[in-house]
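Bear in mind the structure is a predicted one, so any value in this text is a computation, not a measurement. In listed order, ligands and their atoms are each counted from 1.
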Amino acid sequence: MTQFNLILLGPPGAGKGTQAGRIVAGYGIPHISTGDILRAAVKNQTPMGLEAKKFMDAGDLVPDSVVIGIVEDRLREPDTAKGFLMDGFPRTIPQAEALDKALEGLGRAVTKVIVLLVDEELLIARLTGRRICRSCQTPFHVLFTPPKTEGVCDACGGELYQRDDDTETTVRNRLEVYGRQTEPLIDYYDKAGVVARIDGAQLPDVTYKDIRAALGPADA
Ligand code: AMP
């Protein structure tokens, strides 16, 4: 059975959340989003959440040791045996090295890195208009993909909210942090020959079709 040990890479606003939902449904693998895990920790006011919040609100990265620990723990769960989709991790070279090491210990390796490419102006428009369901995390956009009823999730009826870090000033910092710390990962994974570059400015269905073409059939 083909293993799908996948990483979804791209700047904030590239559509990682939207595509992640489709990929995990299409390939039957778990979605590992460090952002979602950290936001849950903040909501539950755990010690890790309290430490992470100040970095997150400023649009800065949470220390590597914290997120690496989260991912190592998550990879011990049995549902990751046939593969996984990492979304928002790794974001720095030390995180990528830690992931390689953890997978090596399991006799595995990253099989594909999907990079979503979108230009900066569109990213800012997407992020500042983004709204997310508090209950099921489904993303909407006030202009591009509005819900049927304002403020209410089409999928589960939950309340839609704007993330604290989706304001314009924080968004600009997050994009700067992405360019400086995360973009070098594309080179890192190019060396392993596992990168698929995908145009993320297209309609979500078209982007997903390109991703599927790059990944190959789910049951190969
Ligand atoms: P995201 O939902 O992936 O955009 O993550 C939201 C915020 O969580 C980021 O701006 C960071 O502050 C923090 N975060 C999520 N994943 C990571 C990571 N791999 N490394 C460091 N910080 C992270």
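In the model, Arg212 has a side-chain atom that pairs as donor or acceptor with a side-chain atom of Tyr208 under 3.5 Å. If you check the side chains of Gln137 and Asp36, you find no donor sitting under 3.5 Å from an acceptor.
When atom types are taken as modelled, the side chain of Thr34 and the backbone of Gly88 share a donor-acceptor pair closer than 3.5 angstrom. Under a 3.5 Å cut-off, the side chain of Arg126 and the backbone N or O of Gly13 do form a donor-acceptor pair. Between the side chain of Gln162 and the main chain of Thr128, a donor-acceptor pair closer than 3.5 Å is present.
The nearest non-hydrogen atom to atom 3 (O) of ligand 1, considering only Lys53, Met86, Arg91, Met56, comes from Arg91.
Of the protein's non-hydrogen atoms, the one nearest atom 20 (N) of ligand 1 is Gln95 NE2, 2.9 Å. The single protein non-hydrogen atom nearest to atom 11 (C) of ligand 1 is Asp60 O, 3.5 Å, given as residue, atom name and distance. The single protein non-hydrogen atom nearest to atom 16 (N) of ligand 1 is Thr34 OG1, 2.8 Å, given as residue, atom name and distance. Ranking the protein heavy atoms by distance from atom 14 (N) of ligand 1 puts Leu38 CD1, 3.5 Å first.
Side-chain contact between Phe84 and Val71 is absent, with no heavy atoms from C-beta onward closer than 4.5 Å.
Residue Phe55 places no N or O, backbone or side chain, under 3.5 Å from any N or O of ligand 1. Residue Arg39 has at least one N or O atom closer than 3.5 Å to an N or O atom of ligand 1.
At a heavy-atom distance under 4.0 Å, atoms from both the backbone and the side chain of Val62 approach ligand 1. For Leu61, heavy-atom contacts with ligand 1 shorter than 4.0 Å involve the backbone as well as the side chain.
Ionic pairing of Arg22 and Asp205 is present here: one or more N-O contacts between side-chain nitrogen and carboxylate oxygen are shorter than 4.0 angstrom. With respect to Arg197 and Asp190, a salt bridge is recorded, a charged nitrogen being found less than 4.0 Å from a carboxylate O. Contact check on Arg172 versus Glu176 returns no salt bridge, with no Lys/Arg side-chain nitrogen under 4.0 Å from an Asp/Glu carboxylate oxygen.
Those atoms of ligand 1 that come under 4.0 Å of a heavy atom in Gly35, given as number and element, are 2 (O), 5 (O), 15 (C), 16 (N). Within the listing of ligand 1, atoms 4 (O) sit less than 4.0 angstrom from a heavy atom of Arg174. Close approach of ligand 1 to Arg163 is summarised as follows: ligand atoms under 4.0 Å from at least one heavy atom of the residue are 1 (P), 2 (O), 4 (O), 6 (C).
Distances shorter than 4.0 angstrom do not occur between any heavy atom of Lys16 and any atom of ligand 1.
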